[in-house]
Amino acid sequence: MQAAEHKIKHYSIVSDIVYFIRHFKKHEPWVLVFSVAEILLRSVIPLLGIWLPKITVDLVVQGATVPRVAAVLGSFTLLMMSVNMISTVSMAGKYHLYNMQRANQIGMLFLKSLRIPYSYTESGEVKQLYWKAYNAFEMGDWSASSRMVTGTVGIIISALSFLLYSTVIGTLSSWLLLCLTGLAFLNYVVNMGRIRYEESLRDETAQVNKRYNCVSNSMGHVKGAKDIRIFAMHHWLIRLRDKVIGDQQEVNRKLYRKRSLYEKIGFLLSFGRDLGAYGFLLYQALEGRVSVSEFVLYFGAITGFSGFVLAIMNSLSELRAAANSADYLRAYMNLPEEDVSKGDRHISELTMPLQIEFVNVSFSYQDAVEDGEEEISEEAAKGKVVFEHLDLTIHAGEKIALVGVNGAGKTTLVKLLCGMYDPDEGKILLNGIDRREFPKKELYQLFSVVFQEPLVLPFTVGENLVMDKADRVEEDRAWEALEKAGLKTVFEEKKIRLDTYMTKRLMNNGIELSGGQQQRFLLARALYKDAPVLVLDEPTAALDPIAEKEVYENYNRYSGGKTAVFISHRLASTRFSDRIVLLEDGKITEMGTHEELLDRNGKYAEMFRVQSNYYEKEA
C-alpha cells in the first residue's frame, strides 16, 4: 500500500466545536460541566453590574434608611461575590483540565501514527501533516484545543450577555435596539473582512517568518560558527538577513495598512452608534421619560452593548485560528488505519528455519522517500520504480548478504520482506505461503531487525532491551543476551543494571553507550527476541572496519539455525555469508560466495578491490 495524496479538509467552526465537545465528553466531561457553569455565571455578572447602580440610586431617591440600604446593597454585593467566586473556580477548573487534555491529544496523535500504514509514515506529506497537528497542541494557551474552549465559551458568554442587555435596551425603545443591532452587524461584517484578509496573508506570512527563522537560527547556531568563519559567510548572511527582514516588513506593512483601514471603519461605526444611542438616552431623560435610576441602567446597558460586540468579534477570530489548526489534527486522525489482524493463516503453521522467496516482485514508491537509502527529493521519489519482476530465494537457515551502492534497493527489499510494504506485483512467500495470508501482528514476530538508525529510548536498559514495560523483562534471559553480545562484563564493571536509565534526555545520570557498545546492545535486543529471521540493515555504517568486523562476527556466531539477511557497504564484512547478492538499480546483477564473485571479476570484485585499496593505504 502506497501513501496516497492527502488533501486537508477544512471544517466549519461549528463542526470543530462539536468535534471537541465529543472529545471532552468522552475523555474529560468535567471540562463541559465547568464550561456550562462559567457561561451561565459570567453571562449574569454584567447584568448584575448594571442593575447595582440603578438599585443604589433608587434607594437614595426613595430616602431609604441606612439599615435598609446596607441590607439591600450588602445582599446584592454578596450575591455578586458568590457568583464571581463560583465563576472563577469554574474557570480555573476548566483551564487545568483542558490543558491536561492536550497531552492526551498528543498521545492520541502518536498512537494514530502507529496504526496507519507504514507507507504513510514515510510520506513527506503525511510527515508534515503530523508535525502540523503536533504543533497545534504544543503552544500552551495558544494551542488549538485551548483556544477552541476559550473561544467557544467566550462567544457564548458574549452572545448571551448581548441578548440580556438587548432586553434591557428593548424596554427603552425597540427602534433603538433595532438600530444598535443593525450597526453591530455592520461592525461584524467589517471585522470579518479584516479576519478574512489576515487569513489570506497567512501562507505568505508563514513563509517569510520561516525564512527569517531559518536565517536567524543559522546565524546563531554554535555548530555553524566554524564554517561561517572559514568561508567568510557573515557578510552574505547579513545581506540575506536584511532581505528576509525586508520581505517580512513588507508583509507586515500590507497587513497593517489593511488592518488600520478596517479599524478606522469599525471605530466610526462604533462612535456613530454610541453617540446616537447616548444622544437618544439623554433626550429621553430631559423629556422626563426615564428616571435617574433608569438613565443609569440604560447608560450602562448601551456602554456594555458595544463591548459585547467587540468580544464576539475577538472570540470569533480566536475560533477561526483554532479551527485552522484543528483541521490538521482531524485530517491526520482521519487517515486510514492498517488492519494488522487481517489474514487467515498463522505463523504457528510454519516450520523453522524459514525459506523466503521473492517471486516476480515489482515495487515503486508513489510518495514516500526512503530514509537513508534513496537519496532523492520527494518529488523525484513519486513514481520511482525500485524493483521490476525481481526473483530471489533465501533458503531455510541461509545467511545472505545484500550489497550495492546507495539507492540500489537494499533497504526497500528488507521493508518488503518484513511486511512494511506490499509489492505492486508478485508475491513474497514464506515456506511457500503468500506472506499476505498472515496477520501482520504475527508476521512481525518472525523478524529480529537492526535498522540503520539505532533506536535507544530514554528508558531503562531492560525496557530498551525487550522494547516493553519493565515488569515484562525476564532478567536471566536479558543478562544472557547481554553476555552473548559482549556487554555483560562491561555493564557489571560500570555497575549498570537493568533498571539503569539510558541516555540523558530524561535522567542526568543516564548512561551513554559508545558506537560499538550501542551496536552490541542492538545485537542483544535481537538475541533477546530470538526471532527465526535475523535482519541487519547496515547497522554498523558509523563504525571503523575493524569494529564492524567484530560486530558482524558476533551476529554470525549467534545466527545459527536462523535465516539471516545482512546489508553492508563494506564488502569484507560479508565474507562469512553463505551467499552474496549484488543489487544494482533494483536488479540482481551478481550472486554467489565471496570467492566465486572475486573469480568472476565483475562489479563486486571491482568494488572489493577499491575498498581493499583504501584499507591497505590506511594500514
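Annotation: D585, atom CG; neighbour count of heavy atoms from other residues, nucleotides and ligands within 6.0 Å does not exceed 12. For R477, the CZ atom sits in a packed shell: over 12 heavy atoms of surrounding residues, nucleotides or ligands are nearer than 6.0 Å. Other residues, nucleotides and ligands place no more than 12 heavy atoms under 6.0 Å from the NE2 atom of H96. For K427, the NZ atom counts as loosely surrounded, since its 6.0 Å shell holds 12 or fewer non-hydrogen atoms of other residues, nucleotides or ligands. More than 12 heavy atoms of other residues, nucleotides or ligands shown are found within 6.0 angstrom of CE on M333. The local environment of CG in N508 is sparse, with at most 12 non-hydrogen atoms from other residues, nucleotides or ligands closer than 6.0 Å.
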- Should F387 and L416 be marked as a side-chain contact (heavy atoms from CB on, under 4.5 Å) after you check the CA-CA gap, both sets of side-chain angles, and the distance that decides it? CA-CA 11 Å; F387 297 120; L416 285 166; 3.8 Å; yes

- Task: Could you check E28 against H23 for side chain to side chain donor-acceptor pair (under 3.5 Å), going step by step and ending with a plain yes or no?
- Result: CA-CA 8 Å; E28 190 50 83; H23 171 83; over 6 Å; no

- Stepwise side-chain contact (heavy atoms from CB on, under 4.5 Å) check, L465 with K529: CA-CA 9 Å; L465 189 66; K529 184 176 181 180; over 6 Å; no

- Task: Give the C-alpha distance, both sets of side-chain angles, the deciding distance and a yes or no for side-chain contact (heavy atoms from CB on, under 4.5 Å) between L522 and L536.
- Result: CA-CA 10 Å; L522 297 180; L536 308 179; over 6 Å; no

- Message: Between R600 and E596, is the salt bridge (charged side-chain N to carboxylate O under 4.0 Å, His left out) condition met? List the steps.
- Response: CA-CA 6 Å; R600 195 172 300 170; E596 289 171 348; 5.1 Å; no

- Message: Evaluate I356 against L429 for side-chain contact (heavy atoms from CB on, under 4.5 Å), listing each step before the verdict.
- Response: CA-CA 6 Å; I356 303 165; L429 307 178; over 6 Å; no

- Message: Apply salt bridge (charged side-chain N to carboxylate O under 4.0 Å, His left out) to residues K440 and E338 and explain how you reach the verdict.
- Response: CA-CA 9 Å; K440 285 194 175 180; E338 190 173 34; 2.6 Å; yes

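Between Y130 and Y134, the ring planes are parallel. Angles under 30° get that label, and only those over 60° would be called perpendicular. Using a 30° and 60° split on the angle between ring planes, Y365 and F363 fall in the perpendicular class, above 60°.
Residue V449 comes nearest to C418 through the heavy atom pair CG2-SG, 3.8 Å, listed as atom of the first residue, atom of the second, then distance. Of all heavy-atom pairs spanning R520 and G486, the tightest one is CD-O, 4.3 Å. Here the closest heavy-atom approach between residue L582 and residue G404 is recorded as CD1-CA, 4.0 Å. For the pair T411 and I567, the tightest heavy-atom approach, listed with the atom from each and the gap, is N-CD1, 4.2 Å. Nearest heavy atom pair, residue P458 against residue L506, reads O-CD1, 3.2 Å. When all heavy atoms of V31 and Y98 are compared, the pair lying nearest together is CG2-N, 3.9 Å.
Less than 6.0 angstrom separates the ring centroid of Y118 from the ring centroid of Y421. Outside the 6.0 Å centre-distance limit, the rings of H594 and F576 are not counted as a close aromatic pair.
For W142, there are no ring pair (Phe, Tyr, Trp, His ring centres under 6.0 Å) partners at least two apart in sequence or on another chain. Partners of K484 by side chain to side chain contact (heavy atoms under 4.5 Å, CB included), not counting sequence neighbours, listed by chain and number: E480, L527, Y558. With sequence neighbours excluded, the residues satisfying side-chain hydrogen bond (donor to acceptor under 3.5 Å, both in side chains) with R330 are S15, D16. For S143, there are no side-chain hydrogen bond (donor to acceptor under 3.5 Å, both in side chains) partners at least two apart in sequence or on another chain.
Judged by distance alone, with hydrogens and angles left aside, the side-chain atoms of D499 form no donor-acceptor pair with the main-chain N or O of T460 at under 3.5 Å. Judged purely by atom type and a 3.5 angstrom limit, N104 has no side-chain atom pairing as donor or acceptor with the backbone of H27. Panel note: side chain Q517, backbone S514; a donor-acceptor pair is recorded below 3.5 Å. Using a distance-only test at 3.5 Å, with no hydrogens or angles considered, a donor-acceptor pair links the side chain of R525 to the main chain of N464. Formation of a donor-acceptor pair under 3.5 Å by the Q445 side chain with backbone atoms of K441 is found in this model.
Separating the CG atom in L329 from the CG atom in N135 is a distance of 12.5 Å, to the nearest 0.5 Å. With rounding to the nearest 0.5 Å, the separation of CD1 in I347 from OH in Y444 is 13.0 Å. In this structure, CG on L457 lies 7.0 Å from CZ on R505, to the nearest 0.5 angstrom. A distance of 9.0 Å separates CD in E357 from CG in N431, rounded to the nearest 0.5 Å. Here K494 contributes atom NZ and T500 contributes atom OG1; the two are 12.0 Å apart, rounded to the nearest 0.5 Å. In this structure, the separation between CD1 on I511 and CE on M502 is 4.5 Å, given to the nearest 0.5 Å.
With a 4.5 Å cut-off on side-chain heavy atoms, S364 and D424 count as touching. At a threshold of 4.5 Å between non-hydrogen side-chain atoms, the residues M352 and L350 count as touching.
Residue pairs meeting the ring pair (Phe, Tyr, Trp, His ring centres under 6.0 Å) criterion with at least one member in residues 489-528: none, sequence neighbours excluded.
Counting only N and O atoms by type, the side chains of T489 and E492 include no donor and acceptor under 3.5 Å apart. A donor-acceptor pair shorter than 3.5 Å can be found between the side chains of H346 and E442. Side-chain N/O atoms of Y95 and D141 include a donor and acceptor closer than 3.5 Å. A donor-acceptor contact closer than 3.5 angstrom links the side chains of S145 and Q105.
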Pairs of donor and acceptor atoms involving the side chains of residues 390-398, under 3.5 Å and at least two apart or interchain, shall be tabulated with distances.
unit_1 : atom_1 : unit_2 : atom_2 : d
D391   : OD1    : N360   : N      : 2.7
E398   : OE1    : H395   : N      : 2.9
E398   : OE1    : R579   : NH2    : 2.8
E398   : OE2    : R579   : NE     : 2.7
E398   : OE2    : R579   : NH2    : 3.2

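Residue M591 forms a side-chain contact (heavy atoms from CB on, under 4.5 Å) with just one option from L583, I580, I400, V581, and that option is V581. Checked against D422 for a salt bridge (charged side-chain N to carboxylate O under 4.0 Å, His left out), the options K342, R435, K415 give a single hit: R435.
Ionic pairing of D434 and R436 is present here: one or more N-O contacts between side-chain nitrogen and carboxylate oxygen are shorter than 4.0 angstrom. The residues K112 and E337 are annotated as salt-bridged, a charged nitrogen and a carboxylate oxygen being separated by less than 4.0 angstrom. A salt bridge links D530 to K562: at least one charged side-chain nitrogen sits closer than 4.0 Å to a carboxylate oxygen.
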